[in-house]
Student: 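Got a structure for you, questions after.
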Amino acid sequence: MDPPVVIWEQEVRSLLHYRDLIPSLEVALGKFSSRDSAEVIQPVRSTIPLQKHSGFMGLMPTYMERDGILTTKFVCFYKRQEGSALPAVQASVVLLDPENGNLKAVMDGEVITATRTAAVSAISAKLLMRPGAEVLAILGTGKQAQSHYTVFTEMFSFKEVRVWSRMREGVERFIQSVGGPVKGCASVEEAVRGADVIVTVTGSTEPVLYSQWITPGAHVAAVGACRPDWRELDDVLMKDAIVYVDSREGAMTESGDIILSGAEVFAELGDVINGSKAAHRERTTVFKSLGMGVEDAVSAQLVFDQWKDKK
């Protein structure tokens, strides 16, 4: 058996492209929602609290029998103080040989996490946003905000992109880093009023986005607040919107936006892809993203295959 390879951040970034990843993720989301154990076995993420450090570690194993993919991601989340230089997320993905159990590769998980999360949000917009959407609003200015900006501006033709952060410096850094046209906003309300698509990628534990600011028919991709007591969206928005998720089991275990609001989950994205549930483009829609192991599995396999081809 060959020794395991280590694929660092910059190389992962150079090997993982949205043009390859998005079609693969669409197939994987459909397979997950089919609930066929020969396609995907993926338990809900297990977590260990890191109380001393205001964080927790998540373990995300996945086995795709027909595709021959076996992976686990180790990810640590932290609730950092505003302006902290420490990372809010650190992650590593391991790829194993399902027949022998040996380690094939270890790779940077932060790039994979940011890239596949943004790609799935873009898939949600592709399925659920209304035709002719012109204005994109991004709440947050971290790595997830940047990856979402990249894929949303690659896939869709928005006439205006707005961004908001609690810190003006964050908005300025974001505008300089993305290299494209962006309007910085002083408040959430300013950012989202009249927006067709809203992406929330904040570190908030309390609602920052309120129903009264949102144009009926807007699509919200809610990416932050990945714990059962964390929120980004208010109760009225959650209850009035048609709510889609990546995993029902994950949402009912981990999403404070859903658990605390009592909102009903209408469908998984995979249900829409499989044609078993409708895409209600005419209604206000919320896609609550928590991230799934199958998304990491598909991404890691793509990176590994590209690495082999390159070598």
Side-chain angles (χ1 to χ4, degrees), residues 22-23 25-35 117-139 148 151-152 155-160 162 188 191-201 207-225 231-252 254-292 294-295:
I22 285 176
L25 285 172
E26 288 177 328
V27 172
L29 290 167
K31 287 179 177 180
F32 172 78
S33 292
S34 72
R35 296 303 191 273
T117 303
V120 173
S121 294
I123 292 168
S124 82
K126 175 184 171 182
L127 296 172
L128 301 172
M129 76 180 185
R130 58 192 169 197
E134 296 183 347
V135 179
L136 168 67
I138 301 174
L139 308 183
H148 277 74
V151 69
F152 272 72
M155 281 188 65
F156 310 112
S157 298
F158 293 105
K159 293 182 178 179
E160 183 179 6
R162 307 169 185 167
V188 173
V192 304
R193 278 215 181 267
D196 302 293
V197 179
I198 302 165
V199 175
T200 63
V201 281
V208 293
L209 182 60
Y210 289 85
S211 175
Q212 66 262 32
W213 300 333
I214 295 175
T215 302
H219 174 61
V220 180
V223 178
R231 303 285 305 272
E232 285 187 306
L233 283 53
D234 79 324
D235 285 352
V236 178
L237 174 55
M238 289 301 301
K239 289 180 177 178
D240 286 352
I242 306 294
V243 178
Y244 297 80
V245 296
D246 41 21
S247 162
R248 285 182 180 271
E249 295 89 348
M252 298 312 299
E254 295 185 309
S255 171
D257 282 311
I258 290 172
I259 295 167
L260 299 177
S261 69
E264 178 183 351
V265 173
F266 174 71
E268 294 175 343
L269 286 188
D271 295 326
V272 179
I273 290 167
N274 292 339
S276 59
K277 290 284 188 175
H280 288 285
R281 292 177 179 269
E282 76 286 358
R283 297 278 301 277
T284 302
T285 52
V286 169
F287 167 56
K288 179 55 206 170
S289 169
L290 286 161
M292 301 195 296
V294 69
E295 298 163 9

Student: Less than 4.5 Å apart, any side-chain heavy atom of D246 and any of F287?
Tutor: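 SC-SC contact between D246 and F287 confirmed.
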Student: Can you tell me if R281 uses its side chain to pair, donor with acceptor, with the backbone of M129 under 3.5 Å?
Tutor: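 Judged by distance alone, yes, a pair lies under 3.5 Å.
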Student: Assess the residue pair L290 and S255 against the criterion (side chain to side chain contact (heavy atoms under 4.5 Å, CB included)); give the C-alpha distance rounded to whole Å, side-chain angles, the decisive distance to 0.1 Å, and a yes or no.
Tutor: CA-CA 7 Å; L290 286 161; S255 171; 4.0 Å; yes
Student: Do V151 and I22 have side-chain heavy atoms sitting under 4.5 Å apart?
Tutor: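 Yes, close enough: below the 4.5 Å cut-off.
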Student: Compare every heavy atom of T200 with every heavy atom of E232, then report the nearest pair and how far apart it is.
Tutor: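 Residues E232 and T200, closest heavy atoms: OE1-OG1, 2.8 Å.
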Student: What pairs with F32 under ring-ring contact (aromatic ring centres under 6.0 Å, His included), at least two apart in sequence or on another chain?
Tutor: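 For F32, no residue satisfies ring-ring contact (aromatic ring centres under 6.0 Å, His included) once neighbours in sequence are set aside.
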Student: Let me confirm one number: the CG-OG distance from L136 to S157, rounded to the nearest 0.5 Å.
Tutor: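 Answer for the CG-OG pair, L136 versus S157, is 12.0 Å.
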Student: Answer yes or no: is there a donor N or O on one side and an acceptor on the other, between the side chain of S289 and the main chain of A222, under 3.5 Å?
Tutor: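 Checking the backbone N and O of A222 against the side chain of S289, no donor-acceptor pair under 3.5 Å is found.
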Student: Less than 4.5 Å apart, any side-chain heavy atom of L269 and any of L128?
Tutor: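 Touching, per the 4.5 Å side-chain cut-off.
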Student: If you take all heavy atoms of V197 and A133, which pair is closest and at what distance?
Tutor: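 In terms of heavy atoms, the two residues are closest at CG2-CB, 4.4 Å.
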Student: Tell me, do H280 and F266 make a side-chain contact under 4.5 Å, heavy atoms counted?
Tutor: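 When only atoms from C-beta onward are counted, F266 and H280 do touch, with a gap below 4.5 Å.
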Student: How close do S261 and M238 get, heavy atom to heavy atom, and via which atoms?
Tutor: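 Reported closest heavy-atom pair: OG-CB, 3.5 Å.
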Student: Filter on side-chain hydrogen bond (donor to acceptor under 3.5 Å, both in side chains), then keep only pairs touching residues 120-139, sequence neighbours left out; what's left?
Tutor: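 Only E26-K126, S121-H148, S124-H219, R130-D196, E134-K159 qualify under side-chain hydrogen bond (donor to acceptor under 3.5 Å, both in side chains).
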Student: Can you list the residues that meet the salt bridge (Lys or Arg N to Asp or Glu O under 4.0 Å) rule with K31, with sequence neighbours excluded?
Tutor: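 Partners of K31 by the salt bridge (Lys or Arg N to Asp or Glu O under 4.0 Å) criterion, ordered by chain and then number, come out as E39, D67.
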Student: Could you pull out the closest heavy-atom pair between T215 and T284, with the gap in Å?
Tutor: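 Heavy atoms of T215 and T284 come nearest at O-OG1, 4.2 Å.
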Student: How about V120 and M292: do any of their side-chain heavy atoms sit closer than 4.5 Å?
Tutor: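 Side-chain contact under 4.5 Å: no.
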Student: Could you give the distance from CD (E249) to CZ (R35), rounded to the nearest 0.5 Å?
Tutor: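 Reported value, rounded in 0.5 Å steps: 4.5 Å.
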Student: Is there a side chain to side chain contact (heavy atoms under 4.5 Å, CB included) between D257 and L237 once you walk through the steps?
Tutor: CA-CA 10 Å; D257 282 311; L237 174 55; over 6 Å; no
Student: Flag the pair K288 and E254 as a salt bridge only when some basic side-chain nitrogen lies within less than 4.0 angstrom of an acidic carboxylate oxygen.
Tutor: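 E254 and K288: not salt-bridged.
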Student: Determine the sole option in V135, V188, V192 for which the side chain to side chain contact (heavy atoms under 4.5 Å, CB included) test with I198 is passed.
Tutor: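 Checked V135, V188, V192 against I198; only one passes side chain to side chain contact (heavy atoms under 4.5 Å, CB included): V192.
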Student: Decide yes or no on side chain to side chain contact (heavy atoms under 4.5 Å, CB included) for D240 and S211, but give the supporting numbers first.
Tutor: CA-CA 8 Å; D240 286 352; S211 175; 4.2 Å; yes
Student: Do other residues, nucleotides or ligands put more than 12 heavy atoms under 6.0 Å from Q212 CD?
Tutor: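 Buried by this count: over 12 neighbours within 6.0 Å.
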Student: Minimum heavy-atom separation for Y244 to V272, with atom names?
Tutor: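 Result for this residue pair: CE2-CG2, 3.6 Å.
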Student: Are side-chain heavy atoms of E295 and L25 found at a separation under 4.5 Å?
Tutor: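 Side-chain contact under 4.5 Å: yes.
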Student: Has the side chain of D271 got a donor or acceptor atom that lies under 3.5 Å from a matching backbone atom of S276?
Tutor: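 It does not hold such a pair.
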Student: R231 and G256: which non-hydrogen atoms are nearest, and at how many Å?
Tutor: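 Looking at all heavy atoms of both residues, the closest pair is CD-O, 3.2 Å.
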Student: Rounded to the nearest 0.5 Å, how far apart are CG of L233 and CG of L209?
Tutor: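 CG of L209 is found 5.0 Å from CG of L233.
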